[in-house]
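What follows is a short report on a single structure.
Only a predicted model underlies this, so the values are computations on that prediction, with no experimental measurement involved. All ligand and atom numbering here is 1-based and tracks the order in the structure.
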Amino acid sequence: MSLTISNEKVFVGSIIHTNESGELIIIDHGAIYIDTDSGKICNIIVNPKSDDIKNKNVTVLSGSQFLIPGFIDCHIHAVQLPNLGIGYDKKLLEWLETYTFPLERKYVDESFAKRVFNTVVRQTIKQGTTTACYFASLYSKASLILGQEALSIGQRAFIGKLSMNEKRSDNYYESTEDSIKNISKFIQDLDNLNSPLIKSIITPRFALSCDMTLMKELGTLAKEKNLRIQTHVSENLDEIQAVKNKFPKHSSYTAVYDAAGLLTNKTVLAHGIYLSDDEIALLKIRNTAVIHCPLSNTCLKSGLCDVQRFKRGGLKIGLGSDVSGGPSYSILDSIRSTLQLSNHLSFIKDNYESLSYKDVFHMATLGGAAALAIDDQVGNFKVDKEFDALVVDTDIAEGLLNNLQQCTLEERFQKFIYSGDDRNIIEVYVRGRKVK
Ligand code: GUN
Ligand code: FE
């Protein structure tokens with residue numbers, strides 16, 4: 001008599017994901033076996049027979065449901081959630097001064113930090129974000145609280161304590177000495193959480209917030225500790241001019257970061273709207289990723305970002321909500337914004353091929369995982385990868401997607417991408433653990 005093995009769980013039903021080449025893979029009927037101790041996928045069977053799932057702890061998905069990999073938000077400012085949807089009368093530099101920095105200074109209040117970060121983690125998970133790469137706070141205590149919230153709620157998260165040492169009259173900066181001391185302590189404190197899901201990421205805010213000395217220190221620290229790096233690049237024309245004025249000896253915005261040793265194969269750069277061909281070529285050499293933030297680029301009127309150029313340049317590309325430059329923390333919204341923007345570009349550019357929903361779904365999952373250098377762990381379904389997944393149901397009673405006509409699985413997936421919302425995301429798993 002065979003017994004049910006208690007540390008194994010099996011999902012049986014339709015499965016949709018992408019491969020390394022970005023191709024969409026649709027499995028009508030499959031089984032994914034998860035070792036619930038490690039959270040890893042231990043077997044995948046296409047067209048399983050009844051014997052394959054006999055005596056197992058099985059969840060059978062209904063005909064209107066399918067599994068997809070969890071969404072990856074490669075760029076989100078946790079501290080900015082309270083400003084969601086406000087302040088779009090200003091462009092980047094004025095927006096930062098008027099709305100963003102005043103809010104961010106409030107995070108000296110740790111109870112405020114805990115309340116906001118608990119909301120950020122719960123709400124993003126509800127929208128299907130299984131991995132978030134966060135800009136946290138300038139303040140170490142608040143940044144640590146974000147790590148604790150992600151840990152206790154169960155999200156996979158990179159937590160970036162911000163580094164900013166350019167003097168400001170409102171005191172919203174750290175001295176170079178404090179900056180280095182505080183980031184080292186923060187990395188240690190986050191390590192002490194001792195979770196495989198929570199990692200620190202070196203986070204110089206952008207070239208206008210840090211001097212070269214600090215950026216070089218951060219580059220060295222990232223190398224010594226093998227840490228990821230995140231920052232902003234080439235988002236807004238006034239910002240780019242200011243970077244030129246501040247670093248006149250460097251040939252480009254990207255060259256400034258390169259001189260500091262900040263461009264690695266574990267660096268993610270948000271925006272990149274105005275990157276030149278030479279800058280894209282340099283990023284390719286460094287194997288540095290670009291994070292596309294279409295909602296923010298539109299709301300802050302930063303510009304039209306041509307993702308096809310990054311693709312042609314062979315760059316890794318992820319998606320970022322860029323809350324609260326972007327007015328939504330749903331990666332589905334970022335997917336749609338990317339698709340719409342790409343269509344708009346096709347109206348005004350000769351020979352421009354719009355991105356397909358398949359391309360953008362890849363960016364939201366395995367593409368983002370590659371950008372963050374976690375594609376050996378998550379991003380699609382493969383034996384030995386960790387099970388970060390969403391159960392999607394396209395036939396929920398109160399939703400928009402009641403099947404009024406028969407649709408193929410691919411059509412139902414397409415409906416979810418273009419017209420679905422969090423109500424269709426009925427379950428969320430991170431490392432095999434159910435978090436919604
Ligand atoms: N550049 C520097 N800081 C920020 C920020 O908070 N949001 C955006 N969108 N760009 C930035
Ligand atoms: Fe940002």
Side-chain angles (χ1 to χ4, degrees), residues 73-107 116 120 124 132-139 142-143 146 158-166 168 170 172-173 201-211 214-215 218 229-243 246 253-254 256-257 262 267-275 289-303 305 318-329 331 334 337 368 371-372:
D73 188 341
C74 297
H75 183 76
I76 170 167
H77 297 257
V79 279
Q80 294 175 15
L81 189 75
N83 271 353
L84 198 74
I86 53 178
Y88 303 130
D89 56 326
K90 304 260 191 278
K91 289 191 183 184
L92 178 67
L93 298 178
E94 263 195 276
W95 170 84
L96 285 171
E97 295 295 337
T98 312
Y99 300 104
T100 307
F101 294 155
L103 168 62
E104 292 191 6
R105 288 174 54 206
K106 293 186 182 163
Y107 289 81
V116 173
V120 170
T124 52
C133 187
Y134 287 113
F135 267 59
S137 172
L138 177 67
Y139 310 119
S143 301
L146 177 58
F158 295 98
I159 312 286
K161 179 224 166 296
L162 270 64
S163 299
M164 303 166 64
N165 74 334
E166 286 297 350
R168 300 173 44 84
D170 61 1
Y172 190 50
Y173 72 99
I201 177 165
I202 298 289
T203 307
R205 181 174 206 128
F206 67 156
L208 297 181
S209 295
C210 303
D211 67 11
L214 178 59
M215 287 194 284
L218 294 173
I229 300 170
Q230 62 179 345
T231 187
H232 297 91
V233 76
S234 204
E235 175 179 2
N236 163 291
L237 292 172
D238 292 338
E239 170 211 22
I240 294 165
Q241 188 56 50
V243 171
K246 183 177 173 189
Y253 200 155
T254 305
V256 172
Y257 290 144
L262 290 171
T267 301
V268 288
L269 300 177
H271 304 282
I273 302 171
Y274 300 101
L275 290 172
V290 176
I291 307 306
H292 181 48
C293 304
L295 288 162
S296 163
N297 294 345
T298 301
C299 281
L300 293 178
K301 303 181 191 71
S302 299
C305 186
L319 290 186
S321 63
D322 196 24
V323 166
S324 66
S328 165
Y329 46 82
I331 287 298
S334 286
S337 182
L372 289 169

**OP:** Taking both backbone and side-chain atoms into account, decide whether H77 has an N/O/S atom under 2.8 Å from the Fe ion (ligand 2).
**Re:** yes
Original post:
salt bridge (charged side-chain N to carboxylate O under 4.0 Å, His left out) between E97 and R168: does it pass, once the steps are laid out?
Top reply: CA-CA 11 Å; E97 295 295 337; R168 300 173 44 84; 2.9 Å; yes
Nearest protein heavy atom to [atom], by residue and atom, and its distance?
atom                    : result
atom 4 (C) of ligand 1  : H232 CE1, 3.4 Å
atom 10 (N) of ligand 1 : E235 OE1, 2.7 Å
atom 9 (N) of ligand 1  : D322 OD2, 2.7 Å

Original post:
Does ligand 1 have an atom under 4.0 Å from some heavy atom of H271?
Top reply: yes
Original post:
F206 and H271: aromatic ring centres closer than 6.0 Å?
Top reply: no
Give the contacting part of [X] toward ligand 1: side chain, backbone, both or neither, where contact means a heavy-atom distance below 4.0 Å.
X    : value
L208 : neither
Q80  : side chain
W95  : side chain

Inter-residue atom distance [X].[atom1] - [Y].[atom2], 0.5 Å rounding:
X    : Y    : atom1 : atom2 : value
N297 : N236 : CG    : CG    : 10.0 Å
I202 : Q230 : CD1   : CD    : 10.0 Å
D170 : F101 : CG    : CZ    : 8.0 Å

I need the atoms of ligand 1 closer than 4.0 Å to a non-hydrogen atom of [X], numbered in the order shown.
X    : answer
H77  : 5 (C), 6 (O), 7 (N)
L92  : 8 (C), 10 (N), 11 (C)
R205 : 2 (C), 3 (N), 4 (C), 5 (C), 6 (O)

Subject >> Angular separation of H232 NE2 and H75 NE2 about the Fe ion (ligand 2), given to 10° >> reply: 90°
Original post:
Considering residues, nucleotides and ligands other than K91, do more than 12 of their heavy atoms fall under 6.0 Å from its NZ?
Top reply: no
Original post:
Looking only at side chains, do S324 and N83 share a donor and an acceptor under 3.5 Å apart?
Top reply: no
Original post:
Between T124 and I76, which heavy-atom pair has the shortest distance, and what is it?
Top reply: CG2-CD1, 4.0 Å
Original post:
What atom name does the N, O or S atom of D322 nearest to the Fe ion (ligand 2) carry?
Top reply: OD1
Subject >> Ring geometry between Y257 and Y253 (parallel below 30°, tilted from 30 to 60°, perpendicular above 60°) >> reply: tilted
